[in-house]
Every structure is written in C-alpha cells, then in structure tokens.
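These notes concern the structure reproduced below.
Chain naming here is simple, since letters A, B, ... match the order of the sequence lines and numbering starts at 1 in each.
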Number of protein chains: 4
Amino acid sequence: MTTSATPSRRLTARGEERRAQIIEFATARFAADGYHATSVADIVNGLGVGKGVFYWYFDSKEQLFLEILKDAQRDLRRTQQRATAGVDDPIRRIALGVRAGVVWTVGHGELRRLVDFARTEATFAAAVRAGQRVLTRDAMAQLQEAMDTGRIPVGDGRALASGLLGVTTTMTDALVEEGRVDAGTIADLVTDFCLRGIGADPV
Amino acid sequence: MTTSATPSRRLTARGEERRAQIIEFATARFAADGYHATSVADIVNGLGVGKGVFYWYFDSKEQLFLEILKDAQRDLRRTQQRATAGVDDPIRRIALGVRAGVVWTVGHGELRRLVDFARTEATFAAAVRAGQRVLTRDAMAQLQEAMDTGRIPVGDGRALASGLLGVTTTMTDALVEEGRVDAGTIADLVTDFCLRGIGADPV
Amino acid sequence: MTTSATPSRRLTARGEERRAQIIEFATARFAADGYHATSVADIVNGLGVGKGVFYWYFDSKEQLFLEILKDAQRDLRRTQQRATAGVDDPIRRIALGVRAGVVWTVGHGELRRLVDFARTEATFAAAVRAGQRVLTRDAMAQLQEAMDTGRIPVGDGRALASGLLGVTTTMTDALVEEGRVDAGTIADLVTDFCLRGIGADPV
Amino acid sequence: MTTSATPSRRLTARGEERRAQIIEFATARFAADGYHATSVADIVNGLGVGKGVFYWYFDSKEQLFLEILKDAQRDLRRTQQRATAGVDDPIRRIALGVRAGVVWTVGHGELRRLVDFARTEATFAAAVRAGQRVLTRDAMAQLQEAMDTGRIPVGDGRALASGLLGVTTTMTDALVEEGRVDAGTIADLVTDFCLRGIGADPV
DNA sequence: AATGAATGAGGATTCATTCAT
DNA sequence: TATGAATGAATCCTCATTCAT
C-alpha cells in the first residue's frame with residue numbers, strides 16, 4: 001500500500017515485495033535507534049542484500065523516510081475515518097475517532113516515534129505539520145458540528161482539537177510505556193479525559 | 001542557571017560566561033536545525049571561537065545536549081513548584097501548575113523541541129523518560145490529594161497525570177504554531193480542558 | 001598470507017588483493033615512520049585510493065596493526081617450524097631454529113620494528129607478550145630435550161630461551177644496521193654465540 | 001642530575017625540584033602508557049599544575065622525552081663504568097659490566113621501555129642509536145682486550161658486543177616479566193650465558 | 001613562575017551515494 | 001536487478017602549543 005513509487009520505475013511483483021520489505025525493516029530500525037543512528041548500510045546488511053538494492057528502490061534515505069512518514073499519517077487517518085464512518089452523532093464520532101487513534105497508536109508505537117523525530121528536523125518538519133493539520137482539521141469539523149448542535153459548549157475549535165490530539169498521544173504513550181498493553185482500557189481512559197475536556201458528558 | 005560543570009574543572013568567571021554562552025547558542029541551533037544538523041563546527045564558528053574551546057567546556061556534543069536537557073527539565077519543574085508553593089487547594093495547585101507549564105512552554109519552545117527529539121534517539125531517550133517521570137510524579141501527588149479530598153472522582157492517577165502533560169504540551173504547541181502568542185489566553189484554554197478532563201469544575 | 005578477514009565480510013578476489021596491498025603498504029610505512037606518525041590518510045593517499053577503502057577492509061587503524069603483528073609472529077614461527085621439521089638432534093634443531101630466526105629477521109627488519117614498538121604501547125603490549133610466549137615455549141621445549149638427553153648442562157630453561165631470543169634479535173639488528181647484509185654470516189655469528197651460551201659445543 | 005637545562009634558563013632550587021618532578025612523573029607515564037598515549041595535559045593534570053609550567057621548563061614534549069632518554073643512557077653507562085673501575089681482568093670487567101647492566105635494568109624497567117619505543121620512531125631513532133653505539137663501543141673495548149690477551153677466542157667484536165647487549169636486556173626483561181625479581185639470580189643467569197657466548201669460561 | 005583559556009591543524013572514523021561488473 | 005567496491009566530504013574529537021593575566 002505504498003505511495004508513488006519514487007525512482008519512477010515499474011516494479012515487478014517481486015520488486016514490490018522487496019520494496020515493502022525495505023520499508024518495514026527501515027521503519028523498525030528508525031524507530032528503535034533513531035533516523036540518524038540507522039545507516040543505509042545497517043538497513044541493507046540487516047536485510048542481507050547489497051547496497052545497490054536500496055538505491056534501486058529509493059532515491060535517498062531521506063526520501064524513504066518521508067515515504068514512511070506519509071504512509072503512517074495516511075494510515076492513521078484512514079483508520080479513524082473507517083471507525084467513524086456512518087455514525088451520526090458528532091460526540092460518538094469524536095469518541096470513536098479518539099478510540100481509533102489510541103488503538104492505532106498502541107499498535108504502531110514505532111511510527112509515533114518517527115513522527116516525533118521528524119518534527120525536530122528542519123528537513124521533515126514541514127511534512128509533519130502538513131499531516132498534523134489534516135488530522136486537526138478532521139477533528140475540528142466534528143467539534144464544530146458538536147458545538148452547532150449544542151452537544152458541547154461553544155469554544156475554540158482549534159484548541160480543543162489539539163487537546164484531543166495531545167491527550168491521545170501522550171496518555172497512550174505514557175500508559176504503554178508503563179506496561180499497560182490493553183488497548184481497550186487505555187482507550188477508555190483517554191476517551192473519558194477527552195470527552196470531559198471538550199465539555200461533553202462521558203458516555 | 002547551569003548545572004555541575006562537566007569536565008570537572010574549576011572555571012573562572014570568564015570561563016563560566018563562555019560556558020553559558022555556548023549552551024545558549026547551541027540550544028538555539030539544536031532547536032532550529034536539529035541536533036544532528038548542528039555540528040560542533042557550526043557552534044564554534046557561530047561563536048567565533050576555536051574548536052578547542054568547545055571541548056574545554058564539554059566532554060562531547062552528546063554531553064552538552066544532555067546537560068541542556070536536564071537543565072530544561074529542572075527549570076520547568078522549578079517554575080511549576082514556585083507557582084504552586086503555598087497554595088492549599090489541590091485543584092488550584094493543579095491549575096496553577098498547568099498554567100505555569102503553559103507559560104514556560106510558550107517561553108521555551110526551543111527546549112520543547114529538544115525534548116521531543118531526545119525522545120527519539122536511543123542515546124537520549126532514557127534521560128527524557130527520567131525527567132518525564134519526575135513531572136508525572138509531581139502531578140500524581142496533587143491528583144491523589146484531590147481524589148482523597150473528594151474534589152475529583154477517584155480514577156487512574158497516572159493516566160490523568162499524563163493527560164495533563166499531553167494537553168499542556170500539545171495544545172500549547174498547536175496554538176503557538178498557529179500564531180497565538182498570548183500565554184494567558186493559551187493558558188486559559190489549556191487549564192479549562194485539563195480541569196474538565198480530570199473531572200473538576202473549571203473555575 | 002593474511003588471517004581472518006576482519007570486518008567479517010566476504011571478499012572477492014579483487015578485494016583480497018586490495019586488502020593485501022593495504023597491509024603491505026601500511027607495514028612499510030609503520031616500520032619506516034612509526035605507527036603514530038603514519039596516518040590513515042598517508043596510507044590511502046600513498047595507495048591512491050579514497051579514505052573509505054581503508055575502512056571497508058579494516059575496522060580501525062589499530063585493528064590493522066594488530067593483524068600485521070599477528071601475521072608477523074605467526075610467519076616467523078612457521079618459518080622456524082619448517083626449518084626444524086624432521087630433525088632429530090635437539091641441538092641441531094636449536095641451531096636451525098636460530099638460523100631461521102636470523103634469516104627471517106634479516107628479511108623482515110620492518111616487522112621487527114613493529115614488534116618493538118608494539119611492546120611499548122599499552123594497547124598492543126598484551127598481543128606482543130602472547131606471541132613472545134609462544135616463541136619462548138617452542139625454544140624451551142627444545143632446550144628441555146637437550147638437557148634431558150645430556151646434550152647441554154641442566155639449567156633454567158626459560159632463561160636460556162629468552163637468551164636465544166635476545167641474541168638472535170639484537171645481534172642481527174646490530175649487524176644489519178652496521179651494513180652487513182649477508183644473512184649467512186650473521187647467522188653463523190649468532191648461532192655460535194647461542195650454542196656456546198646454552199653450553200653446547202658450537203658445530 | 002639533569003642535562004643541559006633546555007629553555008636556557010637559570011632555575012632556582014625550587015625550580016630544579018619542579019623540573020625533576022616533571023621528569024619523574026612523565027617518565028612513569030610514558031613507560032606505563034606510551035609516549036603518544038601520554039599527553040602534556042595528562043602530565044600537568046597529574047601533577048596538579050597549570051599548563052604553563054610544563055612549557056616553562058621544557059621547550060616541547062619531544063625535548064622532554066629526548067632528555068629522559070639521554071639521562072637514562074648516561075646513567076646506565078655510568079653505572080657500568082663505576083662497577084668495572086679499577087678491575088684489571090678484562091673477563092671480570094665484562095662480567096661485572098653485564099651484572100651492572102642487569103641490575104640497572106631490573107631497577108629501571110620503565111626506562112628500558114622508553115628506549116624500546118624511541119627506537120621505533122624516526123624522530124628518536126637517531127638518539128637511541130647514538131647511545132647504543134657508545135655502549136657497544138665500551139663492550140668492544142673490553143672484548144678486544146680479552147682477545148688480545150688470549151682470554152677468549154678471536155672473533156667479531158661488534159657481533160659479540162651486541163650479543164652481550166641482547167642477552168642482557170631480553171633475558172632480564174623475560175625473567176622480570178615472569179615475576180623473578182631477584183636481581184642477583186637474574187644476573188647470574190645472564191652472566192653465565194654471556195661469558196659462555198663469548199667463549200670464556202663462566203666463573 | 002604560574003594559571004586558565006584559547007587556538008587550530010591534524011587525525012580517526014562515518015556514511016550517503018555512485019559505479020563497474 | 002543485484003553486488004561488492006569505492007568515493008570523499010563531513011564530523012567528532014585530540015592535543016601540542018601559545019597567550020593574556
């Protein structure tokens with residue numbers, strides 16, 4: 001489920017596989033050791049292939065990272081959209097979106113790390129902000145509807161949206177780090193905090 | 001407001017000044033360009049001094065970064081302690097602590113970036129977690145008292161504490177990024193969300 | 001005659017060649033100018049290759065040196081073993097071993113220098129001692145047999161063995177330095193001194 | 001008992017003391033860690049003085065080393081001369097010289113190391129050779145007399161002299177390293193080997 | 001005599017990227 | 001497609017030496 005193949009090249013089935021394999025492995029290393037601490041050599045050696053392979057599929061290390069980043073952001077968004085599709089009540093949509101965010105974060109802690117890192121390098125910061133903006137806009141839309149329909153007090157949509165984001169990621173991280181791996185329980189705690197925070201009655 | 005001089009060395013007044021100067025400059029560059037994108041050469045050139053100066057005051061680039069990190073975490077904590085000292089009501093203490101956190105974050109956005117980055121590199125992650133734990137513990141103490149005295153519903157202290165942290169940092173970042181620089185307004189929004197989130201009546 | 005390739009890597013024929021070439025060139029420079037006075041840059045420039053080449057074949061300058069050291073010690077030992085193989089008389093074995101040692105030393109004066117240097121750096125001293133111990137043990141075995149069979153007076157094997165070593169290296173060095181390059185003549189003088197020294201009748 | 005004070009400077013009593021202190025400390029470090037591994041900073045820090053002190057007494061690290069070297073060689077020579085003064089029999093003189101050499105070496109193992117090192121660096125090699133030549137010449141004089149008076153078979157003086165040197169140093173080193181610290185015993189073994197080696201009857 | 005600070009050339013090593021095969 | 005080899009700029013760090021005080 002990759003984006004625009006970069007070295008604009010038609011890949012065979014086997015090629016697509018290789019490419020995915022590189023992405024997967026690199027993601028794990030980037031998350032575990034950090035982007036800079038992971039060299040292209042580490043990646044190809046870990047995969048047991050020659051160096052040329054990497055550059056056959058990617059223009060550069062930077063481009064690979066960007067691709068991982070975008071994939072991650074798109075994947076999270078899709079997950080949330082899928083979770084809230086067809087639900088009428090804006091509060092429920094928010095709750096479900098938050099839950100989906102938590103579950104995704106629990107399952108993709110590595111990607112979270114990458115986003116955190118990306119934010120700190122001039123080279124990647126723009127990409128992260130772009131993605132974050134999309135997520136915030138989604139949340140704002142729901143919040144707006146909730147305000148319009150009187151389900152929550154009128155307030156600063158953007159502020160509330162970023163609050164949702166903050167609680168979701170930070171609380172999830174903290175609890176996962178502490179060893180709590182039950183996504184459901186974590187989701188309950190996060191959702192509770194969030195709904196209260198925006199002024200809705202927790203379910 | 002530096003810590004223990006590192007290459008255990010007695011510094012003259014002039015030396016202390018230099019050292020502080022390096023820390024300040026390096027912090028700015030690290031925050032602006034990223035830790036890896038900022039070379040020791042960049043730092044000393046920017047300061048117009050020889051390369052050896054850096055290593056006269058610091059054992060390594062890594063150690064300098066760690067020092068900045070610890071200074072930042074200690075500074076934030078002190079600010080919060082100062083803000084809540086002598087206040088009896090736990091809810092008010094929480095509110096004041098959150099406010100202080102927001103104000104500090106608004107004034108030290110650069111440091112926030114560094115902490116975010118540090119979390120993503122194996123080398124620094126431990127230090128960040130240690131600092132975060134201290135902050136969380138502080139918040140947990142207040143929350144516990146609030147629960148014990150019936151000011152908020154009994155709940156998962158750790159979860160709530162990390163919620164407070166998450167809202168504070170993420171919401172502040174988002175609003176600052178959007179151009180809102182009035183710390184007071186931001187603090188109001190954040191505090192509101194937080195108090196609601198833990199189940200207290202916003203003031 | 002290289003040992004275990006170091007950066008555990010399979011080398012092609014061309015690679016093996018390059019590796020040997022580096023070892024050869026570096027040995028010459030180390031011996032001529034000293035280990036510290038020879039920089040990696042000197043080596044690669046002298047070879048007309050890029051700096052990375054060195055690190056493709058060796059983990060570090062130190063490791064390369066160690067490898068040269070071990071190769072040298074092993075080579076000398078093999079030469080002596082070959083020279084004495086199949087000879088029954090222990091005195092003759094000693095004489096032949098000494099001769100072989102002299103000849104080897106005359107032909108590999110550079111390596112002798114490296115060993116001398118290595119002994120003086122904490123980093124390499126252990127490796128030298130290990131090699132020396134092997135050589136001494138070899139000589140001691142022959143001396144023991146000579147004593148057991150009454151060919152030389154009973155004495156302190158270890159002392160005699162180190163005496164053989166000392167005469168061989170120092171006398172050879174001194175004579176070579178003086179310009180006498182005829183290995184045969186030198187070997188005669190050394191062997192004479194050695195056999196007399198251990199109490200055997202010179203042949 | 002220093003040589004030509006180098007930064008041609010009149011030293012006060014206290015100054016001479018300082019100077020000797022530096023030489024002593026540096027000698028120990030050079031011998032223990034190696035010349036290159038010991039920085040000027042190590043020396044002054046170890047002594048608890050500022051960097052200027054070093055350059056007040058010595059022009060450079062190199063010059064200090066050279067001075068230590070020469071002191072050592074002169075000291076050894078004097079010791080041997082003192083030991084053999086007034087003795088008529090050339091064989092006895094040789095025996096006593098060798099003994100003195102062994103005793104000195106046992107007591108100054110560190111200096112031996114320095115000489116070994118010096119031989120391997122282009123910068124110092126000449127100085128060592130010069131010293132060695134003096135020692136060899138001394139020995140040759142005695143050997144010549146022994147030959148002239150028929151006490152030992154006529155042979156190659158220079159070769160024999162270097163043999164004496166080699167046995168003395170290498171055997172002593174080997175035995176000391178093995179833990180035998182009784183200079184007398186070691187001297188016996190060395191002298192025995194040496195006298196036999198040159199064709200004299202051991203006493 | 002002595003100190004702490006500063007200099008900067010030099011050195012080892014890394015690593016993204018390219019290339020011949 | 002893939003590999004091993006090669007490149008060389010960039011980086012961190014060391015250290016002998018100098019200097020202002």
*Nearest-Å distance for atom pair CZ/C1', residues C:Phe54 and E:dT13*: 10 Å
*To the side chain of C:Arg18, which of F:dA6, F:dT11, E:dA12 is closest?*
F:dA6
*Would you call C:Leu111 and C:Ile68 a side-chain contact if the rule is heavy atoms closer than 4.5 Å?*
yes
_Walk me through whether B:Lys61 and B:Phe30 qualify under side chain to side chain contact (heavy atoms under 4.5 Å, CB included)._
CA-CA 11 Å; B:Lys61 186 183 165 189; B:Phe30 285 159; 4.1 Å; yes
*Parallel, tilted or perpendicular for D:Phe117 and C:Phe117, by the 30°/60° rule?*
tilted
_Donor-acceptor pair present, D:Lys51 side chain and F:dT17 base, under 3.5 Å_ = yes
*Hey, what's the ring geometry for A:His36 with B:His36, parallel, tilted or perpendicular (30° and 60° as the breaks)?*
tilted
*Whole-Å gap separating P (F:dG4) and CD (C:Glu16)*: 14 Å
*F:dG4 C1' sits how many Å from C:Arg19 CZ, rounded?*
15 Å
*asked:* Could you check whether C:Tyr35 and C:Phe124 have their ring centres less than 6.0 Å apart?
replied: yes
_Please convert DNA chain E into dot-bracket. A pair counts if it is Watson-Crick or G-U wobble with both distances under 3.5 Å; crossing pairs go in [ ] and bases paired with another strand get |._
.||||||||||||||||||||
*Would you say E:dG10 has OP1 or OP2 under 4.0 Å from some side-chain N or O of C:Ser39?*
no
_Under-4.0 Å side-chain N/O to phosphate OP1/OP2 contact, C:Trp56 with F:dA5_ = yes
*Between E:dT17, E:dC15, E:dT13, which nucleotide gets closest to the side-chain atoms of A:Tyr55?*
E:dT17
_Length of the NZ-C1' vector between A:Lys61 and E:dT14, whole Å_ = 11 Å
*asked:* I need the CD-P distance between A:Glu17 and F:dA2, as an integer number of Å.
replied: 11 Å
_With sequence neighbours excluded, residues passing side-chain hydrogen bond (donor to acceptor under 3.5 Å, both in side chains) with A:Gln73_ = none
*asked:* Please determine whether a side-chain nitrogen or oxygen atom of C:Thr12 lies at a distance below 4.0 Å from atom OP1 or OP2 of F:dA5.
replied: yes
*To the nearest Å, give me how far apart CZ (B:Phe58) and P (F:dC12) are.*
15 Å
*DNA chain E: 5'-proximal contact among B:Ala13 and A:Gly52 (nearest heavy atom)*: B:Ala13
*Name the nucleic acid region contacted by C:Gly15, choosing base, sugar-phosphate or nothing; use a 4.0 angstrom heavy-atom cut-off, strictly under.*
sugar-phosphate
*Roughly how many Å is it from CG in A:Asp33 to C1' in E:dC15, rounded to a whole number?*
16 Å
*asked:* Side chains of D:Gln21 and D:Arg18: any donor to acceptor distance under 3.5 Å?
replied: yes
*Nucleotide E:dA12, atom P - distance to CG of C:Leu64 in whole Å*: 11 Å
*Mapping C:Val53 and B:Arg14 to their closest nucleotides on DNA chain F, which lands nearer the 5' end?*
C:Val53
*Proximity to the side chain of B:Val49 - top-ranked nucleotide from E:dT7, E:dT17, F:dC12*: E:dT7
*Taking the side chain of C:Tyr57 as heavy atoms from C-beta outward, which of E:dA5, F:dA6, F:dT17 is closest to it?*
F:dA6
*asked:* By the salt bridge (charged side-chain N to carboxylate O under 4.0 Å, His left out) test, which pairs, at least two apart or in different chains, include something from residues 32-56 of chain A?
replied: A:Arg29-A:Asp33
